[in-house]
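When reading the values below, keep in mind they use all heavy atoms of this one structure, side chains included, and skip hydrogens, waters and symmetry mates. Note on naming: letters A, B, ... go to the chains in the order of the sequence lines (proteins, then strands), and numbering restarts at 1 for each one.
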2 protein chains.
Amino acid sequence: MTEQWGIAELAAEFGVTTRTIRFYEDKGLISPERRGQRRVYHPRDKVRLQLIMRGKRLGFSLDEIQAMIDLYDADPSEVSQLQLFLDKLRQRKAQLLGQRDDIEMALDEIDRREKQCENLLNDKQSEPRQPKAGQQASG
Amino acid sequence: MTEQWGIAELAAEFGVTTRTIRFYEDKGLISPERRGQRRVYHPRDKVRLQLIMRGKRLGFSLDEIQAMIDLYDADPSEVSQLQLFLDKLRQRKAQLLGQRDDIEMALDEIDRREKQCENLLNDKQSEPRQPKAGQQASG
DNA sequence: ACGTTACTTTACGTAAACGTCAAGGTAAAG
DNA sequence: CTTTACCTTGACGTTTACGTAAAGTAACGT
């Protein structure tokens with residue numbers, strides 16, 4: 001009985017405004033219980049919001065997030081639907097793998113720059129005056 | 001001399017419209033050579049566009065992409081700037097690592113659903129009639 | 001009864017990232 | 001010289017994802 005929250009609590013917990021949460025409801029991404037005219041949120045709604053937030057962090061549009069949530073919720077009984085469902089899953093997977101590759105590349109570049117900087121900082125701290133052409137490779 | 005392109009060529013190569021490329025120029029993300037009033041793009045502009053596209057695939061705003069490109073281009077000479085620069089690098093890194101975690105989670109979930117589907121498909125194909133409660137674990 | 005608090009709907013506003021004309025320049029080809 | 005292809009600069013339109021009032025309601029404390 002303790003696992004339910006008002007919209008303001010949820011908003012605070014997820015670091016968004018109540019407007020945002022209502023907007024997601026308008027879009028059909030969540031559908032909380034109604035007690036009178038008030039919205040009452042349950043754990044499943046929180047799970048939904050977690051999925052939404054993760055999707056947003058990964059740059060997906062709300063429509064895409066909607067589609068992904070549908071994928072999680074779906075329970076395809078017909079074989080033809082199952083095949084189609086599997087295809088969709090694999091598409092998302094491919095997209096995510098691509099994103100992961102992009103991230104790896106970006107991380108590699110950042111790591112290079114980071115080490116470059118650290119070296120520079122060490123050099124400057126150990127020798128505040130003469131720059132001294134050393135054997136530090138630059139590329 | 002062969003390494004230069006018109007805006008239409010570039011647009012075709014990157015799968016965007018010329019409007020998009022000009023928009024990025026307006027935003028200061030790229031600044032091609034001008035021959036007369038025409039834009040002429042060189043390899044470095046392609047590199048920029050690659051970075052932009054990667055940023056977009058990862059869900060960054062053009063402003064953020066701008067900042068990331070600045071990070072790549074910057075050559076901080078002052079120690080104070082260097083420290084600040086390093087901080088920015090590490091912030092980006094943290095963000096990217098977070099995104100990577102998100103992706104791993106999403107991939108895990110998809111993999112589970114995928115295997116679930118494959119099992120269902122196999123069951124249905126080997127036994128089109130009786131569902132027959134088998135020893136296939138479901139969770 | 002009255003005010004406060006927390007919520008509700010309705011509706012107009014806005015920033016980002018382009019799309020979509022409109023109107024024209026220019027260089028080579030016919 | 002005109003057509004054609006390709007480019008240019010505006011400038012207004014559109015979608016997404018909310019922000020921001022405005023005005024109303026429902027329970028709760030005093």
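- In this structure, the salt bridge (charged side-chain N to carboxylate O under 4.0 Å, His left out) partners of B:Asp111, at least two apart in sequence or on a different chain, are A:Lys93.
- Not a single side-chain hydrogen bond (donor to acceptor under 3.5 Å, both in side chains) links B:Gln91 to another residue, sequence neighbours left out.
- Each end of the helix from C:dA1-D:dT30 to C:dG30-D:dC1 yields a helix axis from five base pairs, and these two axes differ in direction by 20° (to the nearest 10 degrees).
- Between the CZ atom of A:Arg35 and the P atom of C:dC7 there is a distance of 13 Å, rounded to whole Å.
- The environment of NZ in B:Lys46 is crowded: more than 12 heavy-atom neighbours from other residues, nucleotides or ligands sit within 6.0 Å.
- Screening residues 65-87 of chain A for salt bridge (charged side-chain N to carboxylate O under 4.0 Å, His left out), with sequence neighbours left out, gives A:Arg48-A:Asp73.
- Among residues two or more places apart in sequence or in another chain, the side-chain hydrogen bond (donor to acceptor under 3.5 Å, both in side chains) test is passed with A:Glu118 by B:Arg90.
- Atom CD in B:Glu9 sits about 11 Å away from atom C1' in D:dC6, given to the nearest Å.
- By the salt bridge (charged side-chain N to carboxylate O under 4.0 Å, His left out) test, B:Lys27 pairs with no residue at all, sequence neighbours left out.
- In this structure, B:Asp26 atom CG and D:dA11 atom P are separated by 13 Å, rounded to whole Å.
- Dashed line: the shortest gap from a side-chain N or O of A:Arg38 to OP1 or OP2 of C:dA6 is not under 4.0 Å.
- Remark: A:Arg54 engages B:Glu109 in a salt bridge (charged side-chain N to carboxylate O under 4.0 Å, His left out) (not counting sequence neighbours).
- Atom CD1 of B:Ile21 is separated from atom P of D:dC6 by 15 Å (rounded to the nearest Å).
- Here B:Arg34 lies in heavy-atom contact (under 4.0 Å) with sugar-phosphate atoms only.
- As a whole-Å value, the separation of A:Glu64 CD from D:dT16 C1' is 12 Å.
- Contact annotation for B:Arg39: backbone-only contact, meaning every heavy-atom pair under 4.0 Å involves sugar-phosphate atoms and none involves a base.
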One character per nucleotide, please: for nucleotides 10-24 of chain C, 5' to 3', B when the base has a protein heavy atom closer than 4.0 Å, S when only the sugar-phosphate does, - otherwise. -B-----BBBB----

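- By the side-chain contact (heavy atoms from CB on, under 4.5 Å) test, B:Arg100 pairs with A:Arg100, A:Ile103, A:Glu104, A:Leu107, B:Leu97, B:Glu104, sequence neighbours left out.
- Taking the ring centre of A:Phe85 as origin, the terminal cationic atom of B:Arg113 falls outside the region bounded by 6.0 Å and 45° from the ring axis.
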